[in-house]
Amino acid sequence: MNPNTFNKYEMPGILGALGQRRFHVMAKPAGSTCNLDCRYCFYLSKETLPNGPGTGRMSDEILEKFIQQYINGVTGEEVVFSWQGGEPTLRGLDFFRKVVDLQKKYAKPNQRIENDLQTNGTLLNEEWAAFLKEHRFLVGLSIDGPRELHDLYRVTKNQRPTFDAVFGAAKLLMKHGVPFNTLTCVNRINAKRPKDVYRFLRQELNSTTIQFIPIVEYKGFETTAPYTWDSDKLPKDGAPEARPGHPQSIVTDWSVDPYDWGDFLIGAFDLWYRKDVGKVLVNHFETLVAQHLGLPSQMCVYSEFCGKGVAIEHNGDVYACDHFVYPEYRTGNIRNRPLSELVFSPTQVKFGYAKSEMLPAFCRKCSYLNDCWGECPKNRIIRTEDGEPGLNYLCRGFKKYFKHALPKVEKIVKRLKESPLAPIDRMDRK
């Protein structure tokens, strides 16, 4: 999906079609630097990626340019700053105090500025919690389930477990009233225990906003950009090589199995449906309901197009997406060209359209097309049974999930349409 291979679109394209210029930037103030060594992390390898962003910390110059250009570039009523990594808290509180001051300096009248921080939680303390509360940061806390599941992959540089530190961070955030979401990476191991994971998040952490992210990493992802692989060598759907664990598997051993991914979503969905509809937001479930209400997808992976969520590295380089931080998908640097021009450039628009254009015919005929739209392009690493490239590695799992969940989703949708203001916690969920 090299964006340079497309040439039939001009500005503003899909990204500027609504008149208001809205986009989202994921900022990497510490680059890929992290104090943990999570085995499945896709971003640690950016430190050594040839012609990649390298290591470093965002300078005061780049920080101010970024904040000014981002606020100026968005004409909608809200600008959301997302600070990720690596581990963004490695920059320390003084950096984020500068962030808040610069946002106040450049804020437009009647424009709301919001911040969210994705963190492993291990560096949070009382001072951090007080700051986050005072400045209304929304925190995303990475935790993969109960201790025995979390500590399998989420370890320190010395390979020490991190569960106690992360669990303590959650309690600290609760104590200070800091709102936080939980982000759980679903890998080859915890995917087999969906109900244990869901119950832990709800009962032990009282999480009311839950994100599940499937771990899918093709072998060689450290240096090979998506769509630069040899399509003829990709396994076909159903082949043993299209699952983890095979000696010639297309994915790493810790990647989630497609069938287990479907079962994981089903197991978590059933608990959510029985107990938590209307009370707990689970990213995959909430967006499916929204889509069947005729609303846009709440997740980029389920949208027909992508391209409005870019990543900015510590040195000011802008990339097409957080998962496309490779030289092939670098759109420019904010030192040389304003952020809004990079986000709405023809190159980025082509990237956004490509998500839909490169779908196999197999997908276009699928009854779940409008629910899935091929999911994330970076996961399209297998071929259809007739040999067409571009099929999502998780396809079989998604089909299991959609088949199971959609009848119940339609019940929720019907209830909402009939009584949009009524609580839905008393609905029949048999």
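Each residue takes its place number in the sequence, starting with 1. Being a predicted model, the structure only gives us computed values, none of them experimental.
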Restricting to pairs with a member in residues 37-55, which pass salt bridge (charged side-chain N to carboxylate O under 4.0 Å, His left out), not counting sequence neighbours? none

Answer yes when Glu114 and Arg112 have at least one side-chain N-carboxylate O distance shorter than 4.0 Å, and no when they do not. yes

Listing request: all salt bridge (charged side-chain N to carboxylate O under 4.0 Å, His left out) pairs with a residue in residues 336-346, at least two apart in sequence or in separate chains. Arg337-Glu341

Taking ring pair (Phe, Tyr, Trp, His ring centres under 6.0 Å) as the definition, give me every residue that meets it alongside Tyr368, ordered by chain and number, with sequence neighbours left out. Phe402

If the threshold is 4.0 Å, N to carboxylate O, is there a salt bridge linking Asp276 and Arg202? yes

Check side chain to side chain donor-acceptor pair (under 3.5 Å) between Ser82 and all other residues, then give those that pass, not counting sequence neighbours. His24, Asp116

Could you tell me which residues satisfy side chain to side chain donor-acceptor pair (under 3.5 Å) with Lys105, sequence neighbours excluded, listed by chain and number? Glu64

Among all residues two or more places apart in sequence or in another chain, which pass the ring pair (Phe, Tyr, Trp, His ring centres under 6.0 Å) test with Phe264? Phe212

Can we call the ring centroids of Tyr40 and Trp254 under 6.0 Å apart? no

Flag the pair Tyr227 / Trp229 as yes when their ring centroid distance falls below 6.0 Å, and as no otherwise. yes

Please identify each residue that fulfils ring pair (Phe, Tyr, Trp, His ring centres under 6.0 Å) with Tyr319, with sequence neighbours left out. none

Could you label the plane-to-plane angle of the Phe23 and Tyr70 rings as parallel, tilted or perpendicular, counting under 30° as parallel and over 60° as perpendicular? tilted

For Cys395, which residues count as a side-chain contact (heavy atoms from CB on, under 4.5 Å) partner, sequence neighbours excluded? Phe362, Leu391, Lys399

Lys28 bridged to Asp322 by N-O distance under 4.0 Å: yes

Are the aromatic ring centres of Tyr302 and His284 under 6.0 angstrom apart? yes

Residues passing the ring pair (Phe, Tyr, Trp, His ring centres under 6.0 Å) test with His246, sequence neighbours excluded, are none

Test side chain to side chain donor-acceptor pair (under 3.5 Å) applied to Gln68 - qualifying residues, sequence neighbours left out: none

Report all side-chain donor-acceptor pairs from residues 84-95 shorter than 3.5 Å, counting only partners two or more places apart or in another chain.
unit_1	atom_1	unit_2	atom_2	d
Glu87	OE1	Asn120	N	2.9
Glu87	OE1	Asn120	ND2	3.1
Glu87	OE2	Thr89	N	3.2
Glu87	OE2	Thr89	OG1	2.5
Glu87	OE2	Thr119	OG1	2.8
Arg91	NH1	Pro29	O	3.3
Arg91	NH1	Met58	O	2.9
Asp94	OD1	Arg97	NH1	2.8

Taken in chain and number order and not counting sequence neighbours, the residues that satisfy side-chain contact (heavy atoms from CB on, under 4.5 Å) with Pro244 are Arg188, Val251, Asp257, Pro258, Tyr393

